[in-house]
Amino acid sequence: MLLESFFTGSTRLLLEKIIYVLIIIVIASVIAKAVTTAIVRFGERTGLPADITRLINKLVTYFIGFIALVLIINLFVDITSFVASFGIVGLVIGIGAQAVISNFISGILIMLEKPFTTGDFIDITGLQGTVEDIKLRSTTIRTSDGRVITVPNSVFTLNAVTNYSKTGEILVKIPISFTADVDIGKVSQIMSSAAKSTRGVRPYRIEVLVTGITQAEPSWNIVVELRFWVSHIMDRDAIVSNVTGRIKEELAKETIITAPSPKKD
């Protein structure tokens with residue numbers, strides 16, 4: 001009789017709610033475990049990147065946990081007022097988190113489409129460097145001068161990315177201005193030989209072209225451009241410097257006077 005009187009009224013109702021809470025937690029845990037295990041197995045079969053698999057599992061776990069939390073709160077308070085207040089808070093959070101969500105989605109697209117991978121040398125909006133790390137929110141790039149720059153992933157989906165590692169080579173152009181009476185054949189031979197004798201230059205992809213005529217009072221100048229391909233983008237500046245130096249030496253030997261050279265590409 002004493003126990004019956006003890007478990008009547010509000011106490012019995014509280015115990016029932018506690019039991020329901022435990023049931024909800026157990027069911028939510030079982031469902032979350034089953035779903036995340038299935039996602040991991042699916043990712044392994046399809047070759048889905050591990051980072052994406054972990055992200056999906058986190059989102060699924062958070063979602064199931066949120067549903068369980070709502071059900072538990074509904075046992076103690078009116079869920080209508082809670083949902084209304086959560087909707088306002090969620091709207092504020094959603095507006096503030098747009099950039100974060102955009103970067104996460106962009107990170108997933110990068111991992112799936114793989115426009116570049118770790119170790120590739122890329123160019124994005126004029127920033128050139130080697131990809132050191134690709135995360136869901138951002139990508140780390142190390143430039144040739146040693147700077148480590150973190151770029152939000154949304155930048156890569158909104159702008160064109162040049163992946164020099166995929167092309168395997170890069171075109172280099174060195175334009176030089178000469179007086180109009182210069183021996184084009186001799187100049188072309190000097191420029192071509194300077195490129196061929198420089199290590200790192202593709203020997204069978206070298207050409208010399210006359211690309212323009214400029215007026216330099218009281219005479220005219222012609223622009224002769226040396227074009228060649230470099231296999232390793234990181235060595236480009238050093239190769240251009242070596243080729244330019246050799247051209248200058250050979251032109252001096254042949255007493256060919258050059259006008260001031262325009263800036264190279």
Side-chain angles (χ1 to χ4, degrees), residues 114-132 139-149 151 155-156 159-265:
K114 297 182 179 179
F116 53 83
T117 57
T118 303
D120 286 351
F121 190 93
I122 65 173
D123 183 309
I124 175 72
T125 62
L127 172 65
Q128 294 183 347
T130 302
V131 178
E132 288 206 332
T139 295
T140 303
I141 298 176
R142 181 179 292 274
T143 62
S144 56
D145 58 0
R147 292 177 298 157
V148 177
I149 301 175
V151 182
V155 174
F156 297 100
N159 299 278
V161 180
T162 303
N163 190 333
Y164 291 109
S165 296
K166 284 191 174 181
T167 60
E169 55 188 7
I170 182 174
L171 176 63
V172 175
K173 301 177 182 179
I174 302 179
I176 303 178
S177 181
F178 298 92
T179 56
D181 59 349
V182 72
D183 185 342
I184 298 295
K186 187 65 175 178
V187 166
S188 298
Q189 181 183 357
I190 291 173
M191 296 175 72
S192 178
S193 297
K196 287 181 180 179
S197 60
T198 302
R199 185 176 181 181
V201 175
R202 291 288 182 91
Y204 302 108
R205 302 194 66 181
I206 299 172
E207 59 182 351
V208 180
L209 303 172
V210 177
T211 58
I213 300 176
T214 60
Q215 187 174 11
E217 295 295 343
S219 61
W220 292 83
N221 288 342
I222 59 173
V223 179
V224 181
E225 187 172 87
L226 170 64
R227 298 179 182 179
F228 56 87
W229 293 81
V230 175
S231 301
H232 302 289
I233 180 65
M234 295 294 290
D235 299 332
R236 179 183 59 181
D237 291 343
I239 291 174
V240 169
S241 177
N242 290 336
V243 171
T244 304
R246 293 185 180 186
I247 292 175
K248 182 179 179 180
E249 291 177 1
E250 292 300 319
L251 291 176
K253 290 179 182 179
E254 299 293 332
T255 65
I256 298 176
I257 301 174
T258 63
S261 172
K263 293 182 179 179
K264 55 180 179 294
D265 291 354

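Atoms considered below: every heavy atom in the structure, side chains included; atoms not considered: hydrogens, waters and symmetry mates.
Here the side chains of Leu251 and Phe178 are in contact, with some heavy-atom distance below 4.5 Å. You'll find the side chain of Leu226 reaches within 4.5 Å of the side chain of Ile206, heavy atoms only. Val187 is not listed as a side-chain neighbour of Ile176, based on a closest heavy-atom distance of 4.5 Å or more. Under the 4.5 Å side-chain criterion, counting only non-hydrogen atoms from C-beta, Thr117 is not in contact with Val131. In this structure, Val151 and Leu127 have side chains that are in contact, with non-hydrogen atoms separated by less than 4.5 Å. Within the 4.5 Å cutoff, side-chain heavy atoms of Val161 are placed close to those of Ile124.
Ion pairing of Lys253 with Glu250 is present here, as a side-chain N (NZ or NE/NH1/NH2) and a carboxylate O approach within less than 4.0 Å.
Distance check: Ile122 CD1 to Thr139 OG1 gives 7.0 Å after rounding to the nearest 0.5 Å. Rounding to the nearest 0.5 Å places CD of Glu225 at 5.5 Å from NZ of Lys173. Rounding to the nearest 0.5 Å gives a distance of 14.5 Å between CD1 of Ile190 and NZ of Lys248. One distance of note links CZ of Phe116 with OG1 of Thr162; it measures 11.5 Å at 0.5 Å rounding. For the atom pair CD of Gln189 and NZ of Lys196, the computed distance is 9.5 Å after rounding to the nearest 0.5 Å. A distance of 13.0 Å separates NZ in Lys114 from CG in Asn163, rounded to the nearest 0.5 Å.
Between the Ser192 side chain and the Ser188 main chain, no donor and acceptor come within less than 3.5 Å of each other.
Looking at every heavy atom in both residues, Ile247 comes nearest to Ala194 through CG1-CB, 3.5 Å. Of all the heavy atoms in Pro175 and Val223, the pair that sits closest is CB-CG1, 3.9 Å. Nearest approach of Glu132 to Thr118, heavy atoms of both residues: O-CG2, 3.3 Å.
For Glu207, there are no salt bridge (charged side-chain N to carboxylate O under 4.0 Å, His left out) partners, not counting sequence neighbours.
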Inset, instruction - Decide yes or no on side chain to side chain contact (heavy atoms under 4.5 Å, CB included) for Val208 and Val224, but give the supporting numbers first. - result: CA-CA 7 Å; Val208 180; Val224 181; 3.3 Å; yes

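Sorted by first and then second residue, the pairs that involve residues 175-195 and meet salt bridge (charged side-chain N to carboxylate O under 4.0 Å, His left out), not counting sequence neighbours, are Lys186-Glu254.
Atom CD1 of Ile213 has 12 or fewer heavy atoms from other residues, nucleotides or ligands within 6.0 Å.
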